[in-house]
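Following: one structure in structure tokens, then a few remarks.
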Amino acid sequence: MHGRQENRRGAVIHPVSGGVVPGMSLEISSAGVPWHKVTRPVPKPAPAWKRRIDARPMESQSPVEPDMAALIVEVAQSRDIERFELVFRHFAPRVKAYMARSGSAAGAEELMQETMVSVWNKAAMFDPAKGAASTWVFSIARNLRIDAWRREKHPEFDENDPAFQPAPEPAADTRIEVEESAKLVRSALGTLPPEQAEVLRLAYFEDSSQSDIAEKLNLPLGTVKSRMRLAFGKLRSILGESGAVS
Amino acid sequence: MPRHHIADDLLLSYAAGSLAEGWSLAVATHLSLCAQCRARLATAEAAGGQLLETLNAAPSTDAWTAVRARLASSATPARHAQPISATLPKPLRDYIGGDLDAIRWSAIGTAGAQARLKTADGKTQVRLLRIPAGKPVPEHGHRGRELTVVLTGAFTDGEQRFGPGDVEDADAEIEHIPTATPEADCICLAVTDAPLRFRSLLVRALQPFLGI
């Protein structure tokens with residue numbers, strides 16, 4: 001019963017600028033299409049007749065995106081600005097859109113540039129065994145956003161801290177590879193029920209706290225928490241992790 | 001290894017970047033001590049990365065030129081020097097300005113001490129609490145959530161025992177009496193989203209003066 005209204009209230013009108021932000025349509029729930037499928041820049045395969053006429057070698061037909069993780073590792077060593085441009089071309093539009101979701105367009109451009117400079121500066125800290133390139137860039141963008149919009153810090157653990165407690169044993173052999181698990185997370189996100197996807201979208205993109213979300217969607221705080229727990233549970237179960245912690 | 005962990009909704013909000021600084025400090029403190037929750041965090045941050053991949057907005061036409069110009073002149077961040085040993089995890093030391101011995105305690109009532117930590121969020125109250133060995137924290141209820149992370153020693157609350165790194169996550173409905181175990185004082189980090197409301201009449205009368 002709430003569905004339609006929640007969705008309407010959830011996005012479209014940008015909370016800061018008051019205007020409609022490009023690319024900010026409600027891709028999660030209004031169209032009934034999994035959100036990750038809508039804006040992903042995956043070209044639709046050409047119709048069969050066109051493919052026959054337009055037969056070209058594989059590479060030029062679907063240009064393969066360079067491997068971002070490998071590229072960042074390479075750039076960390078070579079400090080090659082030309083190679084870094086490829087990283088920039090991939091992430092700049094994504095980071096800019098991310099920043100625009102929670103603030104002004106002008107601010108988003110500046111924060112995007114700051115993020116990309118930071119990616120360049122911190123490239124040597126990227127460890128492809130720990131997470132995907134997009135995960136690492138996300139965390140840099142997120143921290144800059146918190147600092148810029150809320151003037152808060154995002155306290156984080158430090159592996160070089162003498163008080164840090166390392167894992168008792170290295171990750172088991174059954175550990176799913178980073179790239180593989182990123183794919184699994186992506187597909188799990190696509191199968192979340194709309195009401196869970198919407199809560200995630202507000203939390204990740206619109207800088208909404210749990211009580212902000214409760215207010216925006218006119219839901220009890222407990223419902224927001226339980227939707228988050230359900231969504232997170234699904235992500236973890238798809239990676240074969242242990243049950244929910246509460 | 002801690003046995004009481006960060007709840008899913010908190011960890012997800014922390015990864016999303018929408019959790020206020022005070023709560024985030026408690027989460028980061030636990031994460032420093034808990035490999036299991038770091039693995040869960042990795043999943044929540046991977047979701048952030050995958051969500052980022054779904055977005056798209058054209059940068060300004062001269063964005064690359066502008067960024068390129070900044071790359072040449074920017075410096076790689078220096079690694080901060082770490083002390084040789086520490087009791088408290090780094091996220092917390094950053095707020096205290098040092099380790100255990102740098103905490104500036106002030107007495108609360110006759111039982112124990114507290115030290116406030118300052119965050120920028122304006123939504124949380126962040127304090128270190130020292131509960132004397134074998135003594136309870138004054139019985140209290142609270143509006144909203146209370147997150148307590150044990151740093152040294154241990155306390156029991158009802159049937160449960162909380163040791164170093166353990167998190168007690170209590171909501172408004174719970175009336176609880178954390179009691180330090182008899183062997184040693186218990187020092188913990190306590191984050192609340194509303195001023196505590198002590199039940200003992202005397203302490204409640206003093207509340208405005210004690211600032212708790």
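Lettering follows sequence order; numbering is per chain, from 1.
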* Between the side chains of Ser32(B) and Gln165(A), does any donor sit under 3.5 Å from an acceptor? -> no

* To do: Examine whether an atom of Tyr98(A) lies under 4.5 Å from a heavy atom of chain B, and if so say whether it belongs to the side chain, the backbone or both; otherwise answer neither.
  => both

* Of the listed residues (Ala120(B), Ala28(B), Gly48(B)), which shares the most heavy-atom pairs with chain A below a 4.5 Å separation? -> Gly48(B)

* Asked: Once you round to the nearest 0.5 Å, how far does CD of Gln82(B) lie from CD of Glu159(A)?
  -> 11.5 Å

* To do: Starting from the C-alpha separation in whole Å, work towards a yes-or-no answer on side-chain contact (heavy atoms from CB on, under 4.5 Å) for His90(A) and Glu53(B).
  => CA-CA 9 Å; His90(A) 179 83; Glu53(B) 289 285 338; 3.0 Å; yes

* Asked: Does atom CZ of Arg79(A) have more than 12 heavy-atom neighbours from other groups under 6.0 Å away?
  -> yes

* Structure fact -> Tightest non-hydrogen contact, residues Ser134(A) and Gln50(B), listed as OG-NE2, 3.6 Å

* Asked: Any side-chain heavy atom of Tyr204(A) within less than 4.5 Å of one from Leu52(B)?
  -> no

* So, does Gln210(A) use its side chain to make a donor-acceptor pair with the main chain of Ser13(B) at under 3.5 Å? -> no

* **Toward chain A, the part of Ser24(B) with a non-hydrogen atom under 4.5 Å** => both

* Do the non-hydrogen side-chain atoms of Arg68(B) and Glu82(A) ever get within less than 4.5 Å of each other? -> yes

* Output the distance between atom CG (Leu239(A)) and atom CZ (Arg40(B)), rounded to the nearest 0.5 Å. => 13.0 Å

* Value rounded to 0.5 Å, distance of CG in Leu235(A) from CG in Leu12(B) -> 7.5 Å

* To do: Flag the one option from Met228(A), Lys183(A), Arg145(A) with the top tally of heavy-atom pairs under 4.5 Å to chain B.
  => Met228(A)

* Identify which part of Arg151(A) has an atom lying under 4.5 Å from any heavy atom of chain B, answering side chain, backbone, both or neither. => backbone

* Asked: Where on Ile146(A) is there a heavy atom nearer than 4.5 Å to chain B: the side chain, the backbone, both, or neither?
  -> side chain

* Structure fact -> From the list Gly165(B), Ala86(B), Ala35(B), the residue making the most non-hydrogen contacts under 4.5 Å with chain A is Ala86(B)

* Under 6.0 Å between ring centres, would you say that holds for His154(A) and Tyr14(B)? -> yes

* **4.5 Å side-chain heavy-atom contact, Thr43(B) and Phe232(A)** => yes

* **Straight-line distance of Phe157(A) CZ to Leu92(B) CG, nearest 0.5 Å** => 15.5 Å

* Structure fact -> Between Met112(A) and Ala63(B), the two heavy atoms sitting closest are CE-CB, 4.0 Å

* **Side-chain donor or acceptor of Arg70(B) paired with backbone N/O of Val117(A) under 3.5 Å** => no

* Asked: Can you say whether Phe91(A) sits under 4.5 Å from chain B via the side chain, the backbone, both, or neither, judging by heavy atoms?
  -> side chain

* Sort out for me which of Arg150(A), Glu109(A), Glu85(A) touches chain B most, counting heavy-atom pairs under 4.5 Å. => Glu85(A)

* Asked: Going through the checks in order, is the salt bridge (charged side-chain N to carboxylate O under 4.0 Å, His left out) test met by Asp8(B) and Lys225(A)?
  -> CA-CA 8 Å; Asp8(B) 274 352; Lys225(A) 288 183 189 177; over 6 Å; no

* Against chain B, label Glu114(A) side chain, backbone, both or neither, depending on which of its atoms sit under 4.5 Å from a heavy atom there. => both

* **Reported CD-to-OG1 distance for the pair Glu152(A) and Thr124(B), which is rounded to 0.5 angstrom** => 8.0 Å

* Minimum side-chain heavy-atom gap Gln113(A)-Trp64(B) below 4.5 Å -> no

* Asked: Taking atom CZ of Arg89(A) as the centre, does the number of heavy atoms from other residues, nucleotides or ligands within less than 6.0 Å exceed 12?
  -> yes

* Any donor-acceptor N/O pair, Lys96(A) side chain to Ala58(B) backbone, under 3.5 Å -> yes

* Reported CG-to-CZ distance for the pair Leu11(B) and Arg236(A), which is rounded to 0.5 angstrom -> 8.5 Å

* Contact origin within Leu71(B) toward chain A - heavy atom pairs under 4.5 Å -> both

* To do: Could you have a look at Ala42(B), Pro91(B), Ser60(B) and say which one has the most heavy-atom pairs with chain A under 4.5 angstrom?
  => Ser60(B)

* Part of Glu156(A) within contact of chain B (heavy atom distance under 4.5 Å) -> both

* **Which atoms of Ser209(A) approach chain B - backbone, side chain, both or neither, heavy atom under 4.5 Å** => both

* To do: Report the residues that fulfil side chain to side chain donor-acceptor pair (under 3.5 Å) with Asp147(A), sequence neighbours left out, ordered by chain and then residue number.
  => none

* To do: Ignoring hydrogens and angles, tell me if any N or O in the side chain of Asp161(A) forms a donor-acceptor pair with the backbone of Pro89(B) under 3.5 Å.
  => no

* Structure fact -> What one should report as the nearest heavy-atom pair of Ala97(A) and Leu55(B) is CB-CB, 3.7 Å

* To do: Ignoring hydrogens and angles, state whether a donor on the side chain of Glu45(B) or Thr135(A) is under 3.5 Å from an acceptor on the partner side chain.
  => no

* Structure fact -> Of all heavy-atom pairs linking Ala163(A) and Arg93(B), the shortest is CB-NH1, 4.2 Å

* Which atoms form the tightest heavy-atom contact between Ala7(B) and Arg229(A), and what is the distance? -> CB-NH2, 3.5 Å

* **Which of Ala72(B), Cys34(B), Ala15(B) touches chain A most, by non-hydrogen pairs under 4.5 Å** => Ala15(B)

